[in-house]
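These values consider heavy atoms only, across backbone and side chains, with no hydrogens, waters or symmetry-generated copies. Lettering of chains follows the sequences in order, A, B, ..., and the numbering in each one begins at 1.
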2 protein chains.
Amino acid sequence: MTKTVFTDTSKFLDHISLDCVIFGFHENELKVLVLHYKTTKEYALPGGFLLADESLEDAAKRVLKERTGLDNIFLKQFKVFSTPGRSKSNPAIKDVKDLGIQINHAFFDQRFISVGFYALVEFTKVHPKPDELSDSCDWVNVTDNIELMMDHNLIVNEALDSMRSQLNHQPIGYNLLPDKFTMPELQKLYETILGKELDRRNFQRKILSYKILNKLDERRKGGAYKSPYLYEFNLANYQKALNNGLSGGW
Amino acid sequence: MTKTVFTDTSKFLDHISLDCVIFGFHENELKVLVLHYKTTKEYALPGGFLLADESLEDAAKRVLKERTGLDNIFLKQFKVFSTPGRSKSNPAIKDVKDLGIQINHAFFDQRFISVGFYALVEFTKVHPKPDELSDSCDWVNVTDNIELMMDHNLIVNEALDSMRSQLNHQPIGYNLLPDKFTMPELQKLYETILGKELDRRNFQRKILSYKILNKLDERRKGGAYKSPYLYEFNLANYQKALNNGLSGGW
DNA sequence: GCAAAAGTGTTAGTCCTACACCCATGG
DNA sequence: CCATGGGTGTAGGACTAACACTTTTGC
């Protein structure tokens, strides 16, 4: 995959952009990957533009690959943001002469609608890379509510809502957790996404009743206190169960 | 609201279109509004383009108003369709000289991504009007699976899936039924959307348990057999209940 | 051996399912 | 008066929610 840079905008379609809310889960915290702009010092979601002969999904995959280094990421379109004034304050259109970057102002200065995607990645596999307009690309806790540029805070919130409502229909646990994980870890993930606490014993009974997990003989060693068992997803059963939607609410 | 016509495309943004899946419910059938093109004789969803200073939601409202005559329609964005080749076969780009319509080929000939909306309308309030490229605008039964142009069959199916999954979170019954309706009518609507039959007595108990309906003293007269009671939605309770999502599955 | 986390079990109440019976209406 | 659809009720089983006790581990 060739790297796409903002300095050659000639192959991009006008008016259409996309933004990715990349979720990761680490140390019992739900995190989002954000860029920090060199010039304006604002935080922003990784995003990009649509190439002339590319689907939005492919464009999002391209952005994901460039920021995380990963292929085969779980990706879901969730909403288009099209308020007419939303792109007026795009920091990218500001002058970046001091960086030696030549920006195509005519391109950046147009009105953009942005298609929002959310992505689920395994935290430990990601090695974030900033783009050419940014000096950093880092995880921030969703709960910290960092101020983002333009309407990006809105985009994150809508992504969260969307993910929450699809918890029983999309393989969210599978994509956010490592291959092997403990029951308390899975529960924390659910609690974080749902924004509420769940009963430890009822959670375990319910999730096991779906038959989507394989209990392993190993336990998580090294931690303090009693070592919990490790589990892995039974992918075949998981997929089958998701087709009907996991039953019941949380 | 001024009528927007396809013969003046100068105010439209390039590359962006929208299509509306307009659902109605009549005589126990779920219906969709489709246009029939004068030149190509193909069926198509009502759609349009985005004006330079307009949100997608406003554009969709504009299209809805023009085709149905209605304001204040329930409208929901559900997906963007962006396969690169999808707009190649757009019949609108064909020559329509014989109709005396001057088409801006350069505009129609570009690649379009299309934002899909579904709309819910009260069947009896709609007076469908064709646009200037069509000779008819009529309801077709969803179950008839009429062949539509381009990827419009896909768009209808995705709209259905989306509406089905949101049945407990959006005021779908309220928007598709007239102000007063009977329990069997409401049940038929649910059965049609879900694609399966429900037990009459359990359905009634469950829907009443939500406290979202007011039972009226009137009954539906004129029909054969025992006359059913009329109900209306208790909008305040309905909205409140939807915020948490109606509990349980169907 | 103590504190904290994890494994396992029980019970009461609620909800869902699958039915049966009676009533009203038009032919 | 009968066929059909609509109004109402009930019993059994499944699932959920709330809660207690025991076990393991590091210090």
Side-chain angles (χ1 to χ4, degrees), chain A residues 25-29 167-168 173 177-178 180-192 194-232 237 241 244-250, chain B residues 25 27-29 167-168 173 177-178 180-192 194-232 241 244-250:
Chain A
F25 191 68
H26 189 61
E27 291 176 344
N28 288 339
E29 294 266 18
L167 193 54
N168 284 346
L177 292 174
K180 299 175 180 184
F181 53 89
T182 67
M183 192 59 74
E185 284 162 4
L186 181 59
Q187 182 179 341
K188 271 287 173 211
L189 174 60
Y190 270 70
E191 289 180 338
T192 307
L194 294 167
K196 67 177 173 191
E197 303 203 337
L198 302 169
D199 183 276
R200 190 167 61 87
R201 296 148 287 189
N202 293 336
F203 176 81
Q204 169 145 335
R205 187 188 357 260
K206 186 162 182 176
I207 206 98
L208 287 178
S209 76
Y210 295 143
K211 311 282 184 197
I212 60 175
L213 299 181
N214 296 333
K215 186 175 185 173
L216 304 176
D217 279 337
E218 304 170 65
R219 289 157 173 259
R220 165 90 66 226
K221 327 229 171 201
Y225 319 122
K226 184 169 184 175
S227 10
Y229 283 101
L230 287 170
Y231 291 84
E232 63 183 9
N237 284 0
N244 310 324
L246 302 182
S247 62
W250 299 96
Chain B
F25 191 69
E27 291 176 345
N28 288 340
E29 294 267 18
L167 192 54
N168 284 347
L177 290 174
K180 299 175 181 183
F181 52 90
T182 66
M183 193 58 73
E185 284 163 4
L186 181 60
Q187 183 179 340
K188 271 287 172 211
L189 173 60
Y190 270 70
E191 289 181 338
T192 307
L194 294 168
K196 66 176 174 192
E197 304 203 335
L198 302 170
D199 183 278
R200 192 167 60 86
R201 296 147 287 188
N202 294 336
F203 176 82
Q204 170 145 335
R205 187 192 353 261
K206 185 162 183 177
I207 206 99
L208 288 177
S209 77
Y210 294 143
K211 311 281 184 197
I212 60 176
L213 299 181
N214 296 332
K215 186 175 185 172
L216 304 175
D217 279 337
E218 304 171 64
R219 288 155 173 261
R220 166 88 70 223
K221 327 227 171 205
Y225 319 123
K226 182 169 184 177
S227 12
Y229 282 103
L230 287 170
Y231 291 85
E232 64 184 9
N244 309 324
L246 303 181
S247 62
W250 297 98

Respond yes when some side-chain nitrogen or oxygen of B/Q204 is under 4.0 Å from OP1 or OP2 of D/dT8, and no when none is.
yes

What range of DNA chain C does chain A touch, first nucleotide to last, counting atoms under 4.0 Å from its heavy atoms?
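So the contact region on DNA chain C extends C/dA4 to C/dT10.
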
Run the side chain to side chain donor-acceptor pair (under 3.5 Å) test against A/K211 and tell me which residues pass, sequence neighbours left out.
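Listed in chain order: nothing, the list is empty.
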
Rounded to 10 degrees, the angle between the two terminal axes of the helix from C/dG1-D/dC27 to C/dG27-D/dC1, each from five pairs:
10°

Its contact letters, B for base, S for sugar-phosphate only and - for none at protein heavy atoms under 4.0 Å, make nucleotides 19-26 of chain D read BB--BBBS

Atom CZ of B/F203 to atom P of D/dG5: distance rounded to whole Å?
18 Å

Can you tell me the distance, in whole Å, between the NZ atom of A/K206 and the P atom of D/dA17?
6 Å

Output yes when a side-chain donor or acceptor of A/Y210 lies under 3.5 Å from a complementary backbone atom of A/N237, and no otherwise.
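Not confirmed, A/Y210 side chain does not pair with A/N237 backbone.
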
For side-chain contact (heavy atoms from CB on, under 4.5 Å), just list the numbers for B/Y231 and B/L186, CA-CA rounded to whole Å, side-chain angles, deciding distance to a tenth of an Å, and then say yes or no.
CA-CA 9 Å; B/Y231 291 85; B/L186 181 60; over 6 Å; no

If the condition is ring pair (Phe, Tyr, Trp, His ring centres under 6.0 Å), which residues does A/F203 pass it with, not counting sequence neighbours?
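Ring pair (Phe, Tyr, Trp, His ring centres under 6.0 Å) list for A/F203, sorted by chain: A/Y190, A/W250.
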
So, using side-chain contact (heavy atoms from CB on, under 4.5 Å) as the criterion, who are the partners of B/K221 when residues are at least two apart?
none

Nearest-0.5 Å distance, CG of residue A/L216 to CG of residue A/L213
9.5 Å

Taking atom NZ as the centre, does A/K180 end up with more than 12 heavy-atom neighbours from other residues, nucleotides or ligands that are less than 6.0 angstrom away?
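Not more than 12 within 6.0 Å, no.
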
Any base atoms under 4.0 Å from A/K221, or only sugar-phosphate, or nothing? Heavy atoms, all strands.
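The residue A/K221 makes no contact with any strand.
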
